[in-house]
Every structure is written in C-alpha cells, then in structure tokens.
There are 2 protein chains.
Amino acid sequence: MKLADFLLTSVPFSQEELNDILSHFEKEYVKKNQVLIREGRVCNKLYFVDLGMGRSYYLKKDGKEVTQWFFGAGEFMSSADSFFKQTPSFYYLEILEDSIVYSISNENMDFLLAKYHKMEKFIRLLAIDILSNVILKLNAIQFQTARERYDYMISEFPDISHRVPLSHIASYLGMTQETLSRIRRNDS
Amino acid sequence: MKLADFLLTSVPFSQEELNDILSHFEKEYVKKNQVLIREGRVCNKLYFVDLGMGRSYYLKKDGKEVTQWFFGAGEFMSSADSFFKQTPSFYYLEILEDSIVYSISNENMDFLLAKYHKMEKFIRLLAIDILSNVILKLNAIQFQTARERYDYMISEFPDISHRVPLSHIASYLGMTQETLSRIRRNDS
DNA sequence: TTTACTTTTTGATATAGGTCAAATGGAGAT
DNA sequence: ATCTCCATTTGACCTATATCAAAAAGTAAA
C-alpha cells in the first residue's frame with residue numbers, strides 16, 4: 001500500500017491536509033545493507049517503506065545479532081519509542097534490499113502532530129497497531145514451540161524466507177540457525 | 001501516582017480541561033478476584049488503578065492460565081488493543097486485591113479524544129509507553145535465562161512476589177512454577 | 001486443634017533446543 | 001571453470017527447563 005492510502009485508511013484527511021502532510025515526507029532511495037540508525041543514537045526519522053524491506057536488530061553482549069522485526073513494503077519502519085520519545089534507540093535499523101522509503105523528521109512530525117488533531121489520531125492508531133503486533137509476537141515466543149513459531153511465520157509472511165538470510169529469521173523467531181535449518185528439513 | 005498527576009505529567013492540560021476529563025471517569029471499588037473483562041468480549045472500559053493491583057492473563061488450549069501483565073497502583077490497566085480498536089480481547093483482566101480504580105467507557109474516551117487534541121496526544125504517548133514496556137519484556141523472554149528474568153522482575157517490582165501467587169509470577173516470566181520455586185531457593 | 005484444601009517445594013526423569021565443530025553448497029570474482 | 005568466501009546443513013553431545021509425582025507447608029473453616 002502506498003503512503004497516501006495508508007494515511008487515509010485510518011483517518012479521513014482532506015485532500016488539502018493530505019498534501020500538506022505528504023509534503024513533509026522526503027523520498028529516499030536506500031541501498032541494501034545501509035544502516036538507518038544505530039543503537040544508542042536517537043532515532044530522528046520515521047520511515048515508510050514504499051518498496052523493499054528492512055529490519056531492526058540489536059547486538060547481544062556476545063556480539064550476536066538478534067533480529068527484532070522485519071518491515072515490508074507498505075509499513076512504517078522505525079525505532080518507535082526512540083523516535084517518539086527522543087531517547088536512545090535500543091536497536092539498529094537496517095535496509096535489507098535496495099529500497100524506496102519516505103522519511104519524516106521528528107521536527108516535521110512534531111509540527112504535524114501539533115497542527116492537526118487528526119495527525120495525533122493517526123499516530124495513536126499506528127502505535128496501537130504496532131502494540132498489537134508486538135503482543136502477538138510476545139505470546140508466540142513465550143508459549144509456542146520453535147516449530148509452531150516457524151509455521152506461523154511462514155503462513156503470515158510466505159515470501160520472507162526467500163528474501164532474507166536464514167540467520168536473521170532464526171534470531172527473529174528466537175532460535176538458533178541450526179535449529180531453524182533442522183525444522184525446515186522436516187518440512188513435508 | 002494519582003490519575004490527575006498522571007495526566008499532567010505527560011501533557012499540560014489546563015485546570016478546566018483536567019476537570020472535564022476527570023469528570024468522565026468513574027470511581028469503582030473492586031473486590032479481589034473480580035474479572036473485569038473476559039476473553040472474546042470487547043473491552044469497553046479503560047481502568048486506572050488508584051490502589052491495589054490487577055493482571056491480564058489468557059488460557060492456553062490445555063486450560064492453563066498464563067499471566068500476561070501485572071498492573072499496579074498508578075498505572076492504566078486494560079486490554080489496550082481491544083479497548084481502542086473495539087475488537088474481541090485476547091485476555092482476561094482480573095483484580096488481584098481489593099482495589100480502587102477509575103474507569104472510563106469507550107464512548108467517553110472517544111468523546112474526549114474528539115474534543116481535545118491534547119487528549120489524543122496523551123493517549124498516543126501512553127500507547128508508546130506501553131509499547132516500550134512490552135518490547136522490553138519481549139527481549140527479556142527471548143534472550144535471558146529463567147534466572148535473569150526473575151532477577152530483573154525482582155529489581156523492578158520488589159514487592160510483587162509477596163502480593164501474588166507464585167504461579168502467576170511464573171507464567172508471567174514464561175516458566176513453570178517448579179522452576180521458579182527452585183530459582184527462589186537458590187537465592188542468596 | 002483437627003480437618004480439608006490450596007500453594008509451594010522437592011525429587012526423579014525426559015526433552016527441546018543450544019553449542020561446537022565439521023562438511024556441504026552457492027554465488028560472485030578472476 | 002576454478003577459487004574464495006559466506007550461508008546452510010549435518011552430526012554429536014550437552015544443558016536448561018519441562019513434566020510428572022509426591023511430600024511438605026500454609027491457610028481457613030469447623
């Protein structure tokens with residue numbers, strides 16, 4: 001879904017409001033492997049993935065990467081609490097394929113939030129959607145077997161396994177890549 | 001923290017606005033073990049715990065209860081996505097001790113959200129705070145040992161272990177009560 | 001205080017998934 | 001085609017935590 005449609009789907013902005021809002025976003029072409037924000041830095045942009053995909057991840061003390069989330073086309077991508085609270089990010093944000101994104105700075109977002117009551121509503125709804133998704137994942141991790149988590153992911157994101165390295169998917173699912181490899185082998 | 005203070009801490013409401021907002025909440029005295037909302041029902045109240053505590057939990061297929069979250073005094077309590085999206089709740093909400101809560105209906109909340117731009121902002125910030133907390137827990141569950149999770153919980157909520165049954169804490173931490181009991185024994 | 005009931009602890013055993021190490025496979029560069 | 005470099009798979013073994021079962025400790029009622 002495109003950014004304009006995404007905005008309109010949850011809040012009925014007028015054409016004029018929509019144009020104003022969109023004008024505060026900037027189109028960016030981002031190359032594969034580019035890091036958008038690093039752990040410990042304040043995330044001052046919110047991204048909408050128009051085409052391509054990205055992920056958030058962090059490093060464990062032993063230096064291993066742990067994928068926290070994947071962001072596909074038609075989704076907002078950011079270190080949400082860092083962006084909205086202007087606190088240091090716990091995560092890295094990285095682009096996984098050559099992508100087109102629309103970004104908005106924190107200053108522009110604050111401007112729009114202050115200007116439009118409807119913009120506050122839009123972001124509130126966005127935050128609640130993200131929250132639902134995180135809660136779903138928390139339940140999956142806490143109470144499903146490695147196999148069940150994998151099956152769920154495949155049913156939800158059938159193409160992801162062809163687009164990103166196994167190791168990213170494994171850490172996203174909270175298991176080692178060896179375990180994921182074995183699960184895959186036993187596929188029917 | 002009291003409800004009025006909580007509101008003022010994140011958004012500078014005027015005294016008049018504050019009074020109007022507070023007038024849409026209703027004070028309720030809730031007895032221990034009372035269930036505020038059941039799985040599958042739409043949650044139409046948001047609660048602020050003034051005194052006492054509650055939890056959210058769900059039932060696994062095998063009938064076991066899994067505590068999802070504890071809500072202490074000075075915190076909002078609800079099945080957030082059910083309340084704000086008016087969709088069936090995945091959880092039960094239950095009061096664990098005789099408590100005093102302030103509740104607001106979904107209709108009143110919608111009224112306030114539409115009336116006050118600042119109210120939208122308040123709820124947006126609240127949603128983002130909840131999101132941060134859920135993400136922290138997700139990381140803990142995904143990548144810490146049972147022991148580490150327990151130690152973390154004790155440091156954050158030192159008194160909880162005296163106020164609720166072991167089994168609730170164990171399932172909250174994603175482990176069996178036998179494991180939690182053994183961890184406790186090895187405390188220094 | 002005795003009885004009945006619930007919660008917590010302890011013990012013995014099982015298992016999912018982790019760790020470490022090596023082998024295989026694939027993709028790009030020369 | 002061959003070499004190099006990573007990604008993936010496989011194998012052998014290990015460990016944290018679950019499961020099942022029973023004992024002990026608390027709590028409340030009679």
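Protein chains get the first letters and strands the later ones, always in sequence-line order, with residue 1 at the start of each.
In this structure, B/Y150 atom OH and D/dT17 atom P are separated by 15 Å, rounded to whole Å. Atom NE2 of A/H168 and atom P of D/dA7 are 8 Å apart (whole Å). Computed from coordinates, the B/Q177 CD to D/dA22 P distance equals 17 Å when rounded to whole Å. A/H162 has its NE2 atom 15 Å from the C1' atom of D/dT8, to the nearest Å. One atom, CZ of B/R185, and another, P of D/dA25, lie 14 Å apart when rounded to the nearest Å. Distance B/I169 CD1 to C/dT8 C1': 12 Å, rounded to the nearest Å. Rounded to a whole Å, the CD atom of B/Q142 is 20 Å from the P atom of D/dA16.
Under 4.0 Å is where a charged nitrogen must lie from a carboxylate oxygen, and between A/K45 and A/E28 at least one such pair does. Between A/D20 and A/K115, at least one side-chain N (NZ, or NE/NH1/NH2) sits under 4.0 Å from a carboxylate O, which counts as a salt bridge.
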*Let me have a per-nucleotide readout for nucleotides 12-26 of chain C, 5' to 3', with B, S or -, counting only protein heavy atoms under 4.0 Å.*
B----SSBB------

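Relative ring orientation between B/F70 and B/Y172 is described as tilted, the plane-to-plane angle lying within the 30° to 60° band.
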*Check the pair A/F6, A/F76 against ring pair (Phe, Tyr, Trp, His ring centres under 6.0 Å), reporting the backbone distance first and the verdict last.*
CA-CA 10 Å; A/F6 193 108; A/F76 274 99; 5.3 Å; yes

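Minimum interatomic distance between B/S89 and B/S82 (heavy atoms only, all atoms of both residues): N-OG, 3.6 Å.
A/E65 has its side chain within reach of A/R55: a pair of non-hydrogen atoms, C-beta onward, lies under 4.5 Å apart.
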